[in-house]
J.: 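Before I ask anything, here is the structure I am working with.
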Amino acid sequence: MEGLAQNSKLHPVQQAFIDTQAAQCGYRLNGMIMSAVALLEENPTPAEKDIREAPNQVICRCGTHSRFIKAVH
């Protein structure tokens, strides 16, 4: 996670999570961000279906999935 930032500048996904307030509890935040980064590296213009499926391996109970989707867009 720490390796995403470069030259003291957050990775665009990290910044998007802050901007959209997609970071809720922080417990599963790293997994959500890394899922988003992996998705965007594989597919820079994912369909909403792909974005919705990206964090399926990260079980989050905070209810921020709509903000996760917004952050990835």
Side-chain angles (χ1 to χ4, degrees):
M1 178 77 164
E2 292 83 6
L4 291 177
Q6 297 293 315
N7 300 320
S8 300
K9 185 176 178 185
L10 293 176
H11 185 279
V13 172
Q14 291 172 305
Q15 188 62 54
F17 268 66
I18 292 169
D19 294 344
T20 61
Q21 297 181 356
Q24 186 81 13
C25 70
Y27 191 68
R28 290 172 181 74
L29 179 61
N30 293 346
M32 298 291 270
I33 289 176
M34 296 308 289
S35 293
V37 169
L39 169 66
L40 293 170
E41 285 179 353
E42 184 177 312
N43 181 1
T45 55
E48 184 152 342
K49 176 186 177 284
D50 299 324
I51 297 170
R52 287 182 180 276
E53 292 176 359
N56 280 351
Q57 299 300 318
V58 181
I59 300 170
C60 176
R61 291 174 176 83
C62 297
T64 63
H65 286 92
S66 62
R67 286 183 261 171
F68 171 86
I69 293 165
K70 185 176 180 182
V72 176
H73 273 290

J.: For residues L39 and A54, report the shortest heavy-atom separation together with the two atoms involved.
T.: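 Answer, listing the atom of L39 first, then A54: CD2-CB, 3.8 Å.
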
J.: Could you report the tightest heavy-atom contact between I33 and L4, atom names first, then the distance?
T.: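 Shortest heavy-atom contact: CG2-CD1, 3.9 Å.
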
J.: Any side-chain heavy-atom pair from E48 and H73 closer than 4.5 angstrom?
T.: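 A side-chain contact exists here, since the closest heavy-atom pair is under 4.5 Å.
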
J.: Work out which heavy atom in A22 is nearest to a heavy atom in A71; give both atom names and the distance.
T.: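 Closest pair (atom of A22, atom of A71, distance): CB-CB, 4.2 Å.
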
J.: Apply the side chain to side chain contact (heavy atoms under 4.5 Å, CB included) test between V72 and each candidate in T20, L40, D50; give the one that qualifies.
T.: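 Testing each of T20, L40, D50 against V72, the sole residue satisfying side chain to side chain contact (heavy atoms under 4.5 Å, CB included) is L40.
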
J.: What is the minimum heavy-atom distance between M32 and F68, and which atoms define it?
T.: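 Smallest interatomic distance, heavy atoms only, reads O-CE1, 3.3 Å.
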
J.: Mark yes when over 12 heavy atoms from residues, nucleotides or ligands other than E53 sit less than 6.0 Å from its CD; otherwise mark no.
T.: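 Counting other residues, nucleotides and ligands, CD of E53 exceeds 12 neighbours.
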
J.: Quick check: closest heavy atoms across A36 and V13, and the distance to 0.1 Å?
T.: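 Closest approach of A36 to V13, heavy atoms only: CB-CG1, 3.8 Å.
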
J.: Side chain to side chain contact (heavy atoms under 4.5 Å, CB included) between M1 and Q14: does it pass, once the steps are laid out?
T.: CA-CA 9 Å; M1 178 77 164; Q14 291 172 305; 4.1 Å; yes

